[in-house]
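Take a look at the structure below.
Quick note: numbers below take in every heavy atom, side chains included, and nothing from hydrogens, waters or symmetry partners. A, B, ... follow the sequence lines: proteins, then strands. Residue 1 opens every chain.
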There are 2 protein chains.
Amino acid sequence: MTAAGKVRERNAMRPASKQRLRLWLRLLRSARAIETQVRERLRIEFSITLPQFDVMAALVRTENGMTMTELSRHLMVSNGNVTGIIDRLVTEKLVLRQAPASDRRSFIVRLTPKGEALFALAAKAHEGWVDDLLADIDADEAERIVNDLDGLARNLRGGEINS
Amino acid sequence: MTAAGKVRERNAMRPASKQRLRLWLRLLRSARAIETQVRERLRIEFSITLPQFDVMAALVRTENGMTMTELSRHLMVSNGNVTGIIDRLVTEKLVLRQAPASDRRSFIVRLTPKGEALFALAAKAHEGWVDDLLADIDADEAERIVNDLDGLARNLRGGEINS
DNA sequence: ATTGAACATTTTAAGTTTAAAATATCCAGA
DNA sequence: TCTGGATATTTTAAACTTAAAATGTTCAAT
């Protein structure tokens with residue numbers, strides 16, 4: 001038997017629970033490896049942090065901004081967390097907080113023109129980095145995994161799923 | 001054409017770079033969703049944090065402990081980070097630092113018997129949680145994704161790959 | 001033996017993250 | 001109108017995280 005065949009046989013013998021545990025560890029490890037790369041490049045090339053990039057990526061899709069709670073849910077981070085990230089983005093004049101007339105509890109967060117311009121550059125670079133980092137995975141493989149992960153995410157209460 | 005067929009056609013039209021970007025966003029989202037669940041349950045049931053669990057998981061596999069640097073590389077976190085996590089685990093008497101005679105720069109970190117006992121319980125529970133969370137993915141699917149992610153990880157300098 | 005580069009770890013500063021408590025506001029029902 | 005539960009956000013405390021600088025140690029080449 002080939003070496004690869006032996007690996008397959010050994011894996012097939014694992015109970016499903018062990019396979020899923022392996023999958024989870026791989027998932028975490030891969031996500032961390034990519035995150036580390038992206039974080040470092042964002043810092044060096046654009047002087048922004050990954051969470052700040054994530055917030056801007058959420059905002060750029062919306063016509064009318066998002067509230068703090070919407071951001072928190074979309075990014076799957078705690079609500080208190082968003083406050084600090086937005087504070088720093090406001091300081092850098094990349095986003096602004098607007099008080100809607102209708103509900104004085106909430107704020108609408110929007111990108112400023114400066115934020116839009118910076119994000120456009122960063123997003124373009126970001127797509128290129130990811131394309132390089134994932135170069136070993138072709139489009140079909142990528143789609144298959146995306147679909148598998150979609151099924152997975154439906155089991156987990158909480159987070160939104162977006163394009 | 002079926003709705004699923006339309007989705008496939010639309011996805012097939014995307015350039016590979018967009019597909020890879022989608023994959024990365026899904027990967028991050030799935031990992032976060034699982035992490036949130038695991039973190040909460042570890043805290044509630046075992047009063048430990050996820051990073052502390054990760055450290056103990058690394059240590060339990062070793063016969064002779066690991067140095068701080070080995071831990072840092074294995075977990076793919078910065079070296080300074082490990083210091084604080086170990087400090088807190090030492091306070092809880094779950095691990096201990098040993099000074100090896102050979103090299104006074106380094107420390108060997110080991111699980112205490114208390115740490116081993118706690119981790120054994122937590123690891124068993126953890127495997128069950130992950131099995132539930134990933135229940136939609138069968139063993140074959142899991143193995144396929146694991147293999148795909150392995151190929152991916154090889155592109156990324158740094159992190160170790162482990163069973 | 002000395003020196004200097006490499007290595008292991010800790011420290012520091014800034015930012016992120018969470019859970020939980022506190023504040024302020026909204027809104028529906030009595 | 002009033003009251004209470006729900007909602008939106010901020011604050012707080014503790015832990016995590018990183019990058020970079022500082023400290024101490026090792027080791028090889030002189």
Side-chain angles (χ1 to χ4, degrees), chain A residues 28 31-33 35-56 65-92 94-95 97-109 158-159, chain B residues 28 31-33 35-55 65-92 94 97-109 158-159:
Chain A
L28 184 57
R32 274 198 196 163
E35 248 190 85
T36 298
Q37 296 289 321
V38 169
R39 181 192 310 278
E40 183 179 358
R41 297 178 197 197
L42 282 175
R43 181 179 51 83
I44 292 174
E45 297 197 21
F46 299 99
S47 296
I48 57 175
T49 65
L50 183 54
Q52 289 168 3
F53 178 82
D54 289 342
V55 164
M56 290 196 281
M66 291 176 89
T67 66
M68 304 294 274
T69 296
E70 284 168 346
L71 276 171
S72 159
R73 280 207 260 267
H74 180 77
L75 302 174
M76 296 200 296
V77 301
S78 66
N79 53 356
N81 190 357
V82 176
T83 299
I85 300 168
I86 296 298
D87 284 350
R88 283 176 284 272
L89 284 171
V90 168
T91 303
E92 297 294 328
L94 296 170
V95 309
R97 272 190 256 237
Q98 287 181 332
S102 55
D103 187 341
R104 276 182 296 174
R105 291 171 304 178
S106 64
F107 284 110
I108 302 292
V109 183
Chain B
L28 184 56
R32 275 198 195 162
E35 247 190 88
T36 298
Q37 296 289 321
V38 170
R39 181 191 309 279
E40 183 180 358
R41 295 178 197 199
L42 282 175
R43 181 179 52 82
I44 291 174
E45 296 196 22
F46 298 100
S47 297
I48 58 175
T49 65
L50 184 53
Q52 288 168 4
F53 178 83
D54 289 342
V55 165
M66 291 176 90
T67 66
M68 302 295 272
T69 296
E70 284 168 346
L71 276 172
S72 159
R73 280 207 259 267
H74 180 78
L75 302 174
M76 297 199 296
V77 301
S78 64
N79 53 356
N81 189 358
V82 176
T83 299
I85 299 169
I86 296 298
D87 283 350
R88 283 176 285 271
L89 284 170
V90 167
T91 303
E92 297 293 329
L94 296 170
R97 273 189 255 238
Q98 287 182 332
S102 55
D103 187 341
R104 274 182 298 174
R105 292 171 302 178
S106 64
F107 284 110
I108 303 293
V109 183

Residues Gln52(A), Leu94(A); criterion side-chain contact (heavy atoms from CB on, under 4.5 Å); working and verdict: CA-CA 10 Å; Gln52(A) 289 168 3; Leu94(A) 296 170; 5.6 Å; no

Asp103(A) or Ser78(A), whichever maps to the more 5' nucleotide of DNA chain C: Ser78(A)

Pairwise side-chain contact, Thr67(B) with Asp103(B), heavy-atom cut-off 4.5 Å (strictly under): no

Leu42(A) CG - dT18(D) P separation (whole Å): 15 Å

Of the listed nucleotides dA24(C), dT9(D), dT16(C), the one nearest the side chain of Thr69(A): dT9(D)

Phosphate OP1/OP2 of dT18(C): any Arg39(B) side-chain N/O under 4.0 Å: no

Contact under 4.0 Å: Thr49(B) side-chain N or O vs dT18(C) OP1/OP2: no

d(CE, Met76(A); P, dT16(C)) in whole Å: 18 Å

Interatomic distance where CG belongs to Leu28(A) and P belongs to dC16(D) [whole Å]: 15 Å

OP1 or OP2 of dT9(D) under 4.0 Å from side-chain N/O of Asn79(A): no

Under 3.5 Å donor-acceptor pair, Arg105(B) side-chain atoms to dC7(C) base atoms: yes

Could you list, one pair per line, each protein nitrogen or oxygen that sits under 3.5 Å from a nitrogen or oxygen of nucleotides 2-5 of chain D, together with the distance?
none

Touch class at under 4.0 angstrom, heavy-atom based, for Thr36(A) against every strand present: nothing

Arg104(B) side-chain N/O to dT26(D) phosphate OP1/OP2 under 4.0 Å: yes

Between CG on residue Leu42(A) and CD1 on residue Ile48(A), distance to nearest 0.5 Å: 5.0 Å

From CA spacing to verdict: salt bridge (charged side-chain N to carboxylate O under 4.0 Å, His left out), Glu45(B), Arg41(B): CA-CA 6 Å; Glu45(B) 296 196 22; Arg41(B) 295 178 197 199; over 6 Å; no

Spacing of Asp87(A) atom CG relative to dT16(C) atom C1', expressed in whole Å: 13 Å

Short side-chain N/O contact to dA8(C) OP1/OP2 from Ser106(B), under 4.0 Å: no

Length of the CZ-C1' vector between Phe107(B) and dT11(C), whole Å: 14 Å

Rounded interatomic separation in angstrom, taking CG from Leu89(B) and P from dA15(D): 11 Å

Residue-phosphate contact under 4.0 Å: Asn81(B) side-chain N/O, dT18(D) OP1/OP2: yes

Selected nucleotide, minimal atom distance to Glu40(A) side chain, candidates dT9(D), dT17(C), dA19(D): dA19(D)

Reference residue Glu35(B); test side-chain hydrogen bond (donor to acceptor under 3.5 Å, both in side chains); the match among Arg39(B), Arg32(B), Gln37(B): Arg39(B)

Residue Arg97(B), side-chain heavy atoms: nucleotide from dG15(C), dT10(C), dT17(D) that is nearest: dT10(C)

Heavy-atom donor-acceptor pair, Thr91(A) side chain to Asp87(A) backbone, under 3.5 Å: yes

Touch class at under 4.0 angstrom, heavy-atom based, for Ser72(B) against every strand present: nothing

Residue-phosphate contact under 4.0 Å: Thr83(A) side-chain N/O, dT11(D) OP1/OP2: no

Minimum heavy-atom distance Pro100(A)-Ser106(A), with the two atoms named: CD-O, 3.2 Å

Atom pair distance, as rounded to whole Å: CE in Met68(B) and C1' in dT11(C): 12 Å

Between dA14(D) (C1') and Glu92(B) (CD): distance, integer Å: 13 Å

Touch class at under 4.0 angstrom, heavy-atom based, for Leu50(B) against every strand present: nothing

Nearest-0.5 Å distance, CE of residue Met66(B) to CD1 of residue Ile86(B): 10.0 Å

Spatial distance of atom CE (Met56(A)) from atom CG (Asp54(A)) [nearest 0.5 Å]: 9.5 Å

Touch class at under 4.0 angstrom, heavy-atom based, for Gln52(A) against every strand present: sugar-phosphate

side-chain N/O Arg43(B) vs dA20(C) OP1/OP2, d < 4.0 Å: yes

